[in-house]
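For reference, positions follow the sequence shown, starting with 1. What you see is a predicted model, and the numbers here were worked out from it, not measured in a lab.
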Amino acid sequence: MHVTWHEQTKLLQSAVIVNLNKFSSNYHQICRHLPPSVECISVLKYNAYGAGLLPVAKLLYTEGAKTIALAQISEAIALRNAGLYSLDLLILGGVPRNLFPYAVQYRIGLSVYHPSTVLQLEKLCAEQKVQNFPIHIKIETGLNRTGVKTGEQLEKIIKALQSCTHLTVAGIFSHFSEGELINSPVSHRQYQLFCQAIKQLANTGIRPKLVHICNSGASEWYKDAFLTAVRAGRRLYMDNQQNPGIGGAIEEVCSWRASVTHLHWVNCGEVIGYAGAWRARRRSRIAIICVGYGDGLYPPMADLHAPILVGENRATFLSSCMDQSFVDVTDIPCEVGQEVTLFGESSHGSCLPAQELAQLIGNEGVFFTSLLTDRVERVYL
């Protein structure tokens, strides 16, 4: 189905087209790749990587998702206020302690990695008369971001839990630092450390339902580490750029489209953009498009002269400003009002994958969708 994006926007100058049918297909493809006993935890942090938290979460709810992982308390409260009460919610990272009461009030599962957090949550649950509040023990295995190490540190968590009657350990998890790399020795070492933590907890009778270490990348290849759940973030939106098709066919779901607002010629030797960002080596036709870094465009993409679709043809970025950007269209047809596609599919099916662009900066394509600001309309198929 083709969408003329400017006919579906309100007063905004560009739109990201989110294909919910492809999103649903990706989710079920991931689930089919997993054993029936392994749950797929959908990671929808930062506004579902820019795709729009509420529409995506509601879709997953109708598709049978049980657990959604997020980054901040405000995201989880938005889901509760939208009526998604039966979903289990998990905040993956650290949360300021002044927000703990809201987590308890809205029953938002928190990651814990220090005894003081356990004891504070127990006190809050007692005050609010909340029973079986879910916590998830985060194990540090090598990323060195947040987590508790196996052994003495984990033992202190266990001892703190022994005095708690209002908490339940709903999960234990860790995070790979090289999950995208097939057969990474680092991932194998991390998994061994995680297994030690699982055993240490089991020896004290703690056997949570959700035991997970695989992120999107590892969920595509590390079957021995599937345990009882895997987390799917990037994989819900796009394929593995290093190993496309591994673990099943995944399609990109987001396309960012804008328009050409002006065309003009510059002579050989003339410069364009702030501080003379680009100098013409020949007489060149320049298109101005109606988005810039204020909309979420990543400026280095222009500095690297990344490709961009103008109509159905590839053109070259030259420079960007806050609200507008420069594109070289000397060798292709172009007119004012023409659609441009910054990543994804054009209205007529030409494709410029976000993952292709991401290779230019050593990142993943979801980086680009997560940058999109509120000046970009979200249009859903």
Task: Steps toward side-chain contact (heavy atoms from CB on, under 4.5 Å) verdict (I288, I286) - done: CA-CA 7 Å; I288 306 300; I286 307 300; 4.2 Å; yes

Task: L372 and D295: CA distance, side-chain angles, deciding distance, side-chain contact (heavy atoms from CB on, under 4.5 Å) verdict - done: CA-CA 6 Å; L372 298 177; D295 304 276; over 6 Å; no

Task: Residues V95, I108; criterion side-chain contact (heavy atoms from CB on, under 4.5 Å); working and verdict - done: CA-CA 11 Å; V95 172; I108 300 164; over 6 Å; no

Open item on the list: side-chain contact (heavy atoms from CB on, under 4.5 Å) for S319 and Y274? Distances and angles first, verdict last.
Closed with: CA-CA 8 Å; S319 182; Y274 291 121; over 6 Å; no

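In this structure, the side chain of S219 engages the main chain of S216 through a donor-acceptor pair within 3.5 Å. Using modelled atom types, no side-chain atom of T117 and backbone atom of V112 make a donor-acceptor pair closer than 3.5 Å. For N26 (side chain) and Q29 (main-chain N/O), no donor-acceptor pair under 3.5 Å exists by modelled atom type. Under a 3.5 Å cut-off, the side chain of T228 and the backbone N or O of K209 do form a donor-acceptor pair. Looking only at distances, a side-chain donor or acceptor of R279 sits under 3.5 Å from a matching main-chain atom of G269. A donor-acceptor pair under 3.5 Å links the side-chain atoms of S111 to the main chain of L92, judged by distance alone. Panel note: side chain Q355, backbone M238; no donor-acceptor pair is recorded below 3.5 Å. Under the 3.5 Å distance criterion, the side-chain polar atoms of S174 are matched with a main-chain donor or acceptor of I139. Judged purely by atom type and a 3.5 angstrom limit, T369 has no side-chain atom pairing as donor or acceptor with the backbone of G50.
Once rounded to the nearest 0.5 Å, the distance linking CG of L297 with CG of D323 reads 11.5 Å. With rounding to the nearest 0.5 angstrom, the CD1 atom of I91 is 10.0 Å from the CG atom of L99. In this structure, OH in Y61 is found 7.0 Å from CG in L84, a value given to the nearest 0.5 Å. Atom CD1 of residue I289 and atom OG of residue S14 lie 9.0 Å apart, to the nearest 0.5 angstrom. Here the CD atom belonging to Q120 is positioned 12.0 Å from the CD atom belonging to E122, to the nearest 0.5 angstrom. Considering CD1 of I272 and NE2 of H264, their distance stands at 7.0 Å, rounded to 0.5 Å.
You'll find the side chain of L89 reaches within 4.5 Å of the side chain of R80, heavy atoms only. Taking 4.5 Å as the limit, some side-chain heavy atom of R97 sits within range of a side-chain heavy atom of S116. The side-chain heavy atoms of I361 and M301, taken from C-beta on, include a pair separated by under 4.5 Å. Considering only heavy atoms from C-beta on, I250 comes within 4.5 Å of I30 through its side chain. The shortest side-chain heavy-atom distance between R231 and H175 falls under the 4.5 Å cut-off. Inter-residue side-chain proximity for C334 and L263 is flagged as met; some heavy-atom pair is nearer than 4.5 Å. Looking at heavy atoms from C-beta onward, C40 lies in side-chain contact with L34 at the 4.5 angstrom threshold. The closest side-chain heavy-atom distance from L119 to S163 is below 4.5 Å.
Scanning both residues, L20 and L59, for their nearest heavy atoms gives O-CD2, 3.7 Å. Between V148 and L154 the shortest heavy-atom distance is CG2-N, 3.4 Å. Here the closest non-hydrogen pair linking P333 and V310 is O-CG1, 4.5 Å. Of all heavy-atom pairs between Q131 and R107, the closest is O-NH1, 3.2 Å. The nearest pair of heavy atoms linking A51 to Y380 is O-OH, 2.6 Å. Residues P353 and R314 approach most closely at CD-NH2, 4.2 Å, considering heavy atoms.
Inspection of the T150 and Q200 side chains reveals no N or O donor paired with an N or O acceptor under 3.5 Å. A side-chain donor from one of S177 and Q190 sits under 3.5 Å from a side-chain acceptor of the other. Between the side chains of Q192 and R189, no donor N or O sits under 3.5 Å from an acceptor N or O. E180 and N240 form a side-chain donor-acceptor contact under 3.5 Å, judged by distance and modelled atom types alone. Donor-acceptor pairing under 3.5 Å is lacking for the side chains of T261 and Q324.
Residue D374 qualifies as open at atom CG: its count of foreign heavy atoms under 6.0 Å is 12 or below. Applying the 6.0 Å contact sphere to OH of Y102 captures no more than 12 heavy atoms from other residues, nucleotides or ligands.
A perpendicular orientation is assigned to the rings of F173 and H136, their planes being inclined by more than 60° (bins at 30° and 60°). Classification of the F23-Y237 ring pair by plane angle, with boundaries at 30° and 60°, yields perpendicular.
Cluster annotation: Y191 and L181 are assigned to distinct hydrophobic clusters (Ile/Leu/Val/Met/Phe/Trp/Tyr, side-chain heavy-atom contacts under 4.5 Å, transitive). In terms of hydrophobic clustering, with Ile, Leu, Val, Met, Phe, Trp and Tyr side chains grouped at heavy-atom distances under 4.5 Å, Y106 and L53 are assigned to a common cluster. Linking ILVMFWY residues whenever their side-chain heavy atoms come closer than 4.5 Å, directly or via other members, leaves Y85 and V130 in distinct clusters. Residues V211 and I206 share a hydrophobic cluster, clusters being chains of Ile/Leu/Val/Met/Phe/Trp/Tyr side chains in contact below 4.5 Å. In the hydrophobic cluster analysis, where Ile, Leu, Val, Met, Phe, Trp and Tyr join through side-chain heavy atoms closer than 4.5 angstrom, I332 is grouped apart from L318.
R281 and D328 are not joined by a salt bridge, as no carboxylate oxygen comes within less than 4.0 angstrom of a charged side-chain nitrogen. Contact check on R234 versus E220 returns a salt bridge, with a Lys/Arg side-chain nitrogen under 4.0 Å from an Asp/Glu carboxylate oxygen.
Separation of the H166 and F133 ring centroids does not fall under the 6.0 Å cut-off.
When each of L342, L360, N313, V327 is checked for a side-chain contact (heavy atoms from CB on, under 4.5 Å) with P307, only L360 meets the rule.
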